[in-house]
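Okay, so here's the structure we're looking at.
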Amino acid sequence: MDTSWLFRPIRLPDEHLPTGTREADWRCRTCTSAWPCETAGEHLSQGRCTCGATTWRETRGPRNWHIGPRCYTATDVVLRQAADLKAYREAHPHYPPSHYYPPKPRRTRRQKPPYRHRPARPGDIRPGTWTWVKPGALHPGWGDIHHHAMITRPGLPWTEVWLTLDGTVHDVKADQLILSGGPRHKDRPAWWEWTVAAHLEHDKPATRTGGNRTAVQPDLFSGLTDV
């Protein structure tokens, strides 16, 4: 067998792991020199702990080492891992499967409405406008997630929508609907982020002012005399 060349290990070989009774006196298992040895150094990256001690982390692996006495306890590790896990779950929520939702109440089902409309300006909300229903706007039976829906009857404060998911029709508060299918370029108009309620309020005709609106009671008894 030709041994002139061999595959170079991509991870720290076990033969060059540290050994010793005290963390401050670690020595290489094979080289018997102070750890990390020259071979181990090729697979490690140096860092520094918050306590000031030197740390070594495997470049292509999960292992890490802390030089000197440990500056933390097992309880500290558990608390830190729990905090990291909580932060990750809040940033990446995982919704339960549908069989954990309560039973759905009866709702009218329809075929896909024939309307087609895409807003061209602020307040341009018509039947056929596609929206996203915010989580919590529907009955819990449909889950705490966004739902794709078409507006079939716009109005305030309630708007009728048709769900793409199962063809059911729902009355949803207009402030719980956001537009869908807007332009994706960076110059996207800000009104695409408005709720449907904001669009409908914007589209209301301005209240006309002017003139005296004080009610005047006509004098109906001026010509009567006492008997």
Side-chain angles (χ1 to χ4, degrees), residues 60-64 72 74-207:
R60 298 182 182 88
R63 295 179 290 187
N64 59 84
Y72 53 88
T75 303
D76 296 334
V77 175
V78 173
L79 294 177
R80 177 60 182 270
Q81 291 176 343
D84 293 343
L85 182 60
K86 179 181 179 182
Y88 178 83
R89 287 178 175 174
E90 290 178 351
H92 305 82
H94 177 72
Y95 299 105
S98 59
H99 61 270
Y100 283 96
Y101 298 151
K104 296 179 180 179
R106 185 177 181 84
R107 291 288 187 272
T108 303
R109 293 179 182 268
R110 298 177 186 167
Q111 294 183 346
K112 182 179 179 180
Y115 309 123
R116 296 183 63 182
H117 179 72
R118 189 172 188 269
R121 55 178 175 77
D124 186 20
I125 302 298
R126 303 290 182 269
T129 303
W130 288 105
T131 64
W132 287 104
V133 183
K134 293 183 179 180
L138 301 176
H139 185 275
W142 276 267
D144 191 24
I145 59 176
H146 283 85
H147 279 284
H148 196 232
M150 176 195 293
I151 292 179
T152 56
R153 188 185 302 164
L156 287 172
W158 298 92
T159 292
E160 185 184 82
V161 298
W162 176 86
L163 287 193
T164 308
L165 175 68
D166 54 7
T168 53
V169 178
H170 302 257
D171 286 330
V172 182
K173 286 189 175 181
D175 59 0
Q176 298 297 307
L177 298 172
I178 54 178
L179 297 183
S180 170
R184 298 186 178 182
H185 53 77
K186 61 182 180 180
D187 297 329
R188 170 176 173 150
W191 55 265
W192 274 98
E193 309 300 331
W194 294 4
T195 63
V196 171
H199 280 277
L200 295 177
E201 290 286 352
H202 183 274
D203 198 40
K204 279 185 177 181
T207 303

His199 and Trp191 aromatic ring geometry - parallel, tilted or perpendicular at 30°/60° bounds: perpendicular
Residue pairs passing the salt bridge (charged side-chain N to carboxylate O under 4.0 Å, His left out) test where at least one lies in residues 145-167, sequence neighbours excluded: Lys104-Asp166, Arg110-Glu160, Arg153-Glu160
Closest non-hydrogen atom pair between Trp194 and Pro122, with its separation: CZ3-CB, 3.7 Å
Inter-residue atom distance Leu200.CG - Thr159.OG1, 0.5 Å rounding: 5.5 Å
Side chain to side chain contact (heavy atoms under 4.5 Å, CB included) between Gln81 and Leu85, intermediate numbers included: CA-CA 6 Å; Gln81 291 176 343; Leu85 182 60; over 6 Å; no
Close side-chain approach of Met150 and Thr164, heavy atoms under 4.5 Å: no
Qualifying residues under side-chain contact (heavy atoms from CB on, under 4.5 Å), relative to Glu193, sequence neighbours excluded: Arg188
Side chain proximity check, Lys134 to Thr195, heavy atoms < 4.5 angstrom: yes
Heavy-atom closest pair, residues Trp132 and Ser180: NE1-OG, 3.3 Å
Least distance between heavy atoms, Pro105 atom then His139 atom: CD-ND1, 3.4 Å
Flag side-chain contact, heavy atom, 4.5 Å: His117 against Ile151: no
Pairs of donor and acceptor atoms involving the side chains of residues 170-177, under 3.5 Å and at least two apart or interchain, shall be tabulated with distances.
| from | atom 1 | to | atom 2 | distance (Å) |
| --- | --- | --- | --- | --- |
| His170 | NE2 | Thr168 | OG1 | 2.7 |

Check: Trp142 main-chain N/O paired with His147 side-chain donor or acceptor under 3.5 Å: yes
Side-chain heavy-atom pair Leu179, Ile125 within 4.5 angstrom cut-off: yes
Validation row: Val196, Pro154 side chains within 4.5 angstrom (heavy atoms): no
Arg89 atom CZ, over 12 foreign heavy atoms within 6.0 Å: no
Distance, nearest 0.5 Å, that separates CH2 of Trp162 from CH2 of Trp130: 5.5 Å
Distance in Å, Asp144 CG paired with Tyr101 OH, rounded so as to fall on 0.5 Å steps: 7.5 Å
Closest approach of Arg118 to Asp124 (non-hydrogen atoms, all atoms of both residues): O-OD2, 4.0 Å
Arg116, CZ: over 12 other non-hydrogen atoms inside 6.0 angstrom: no
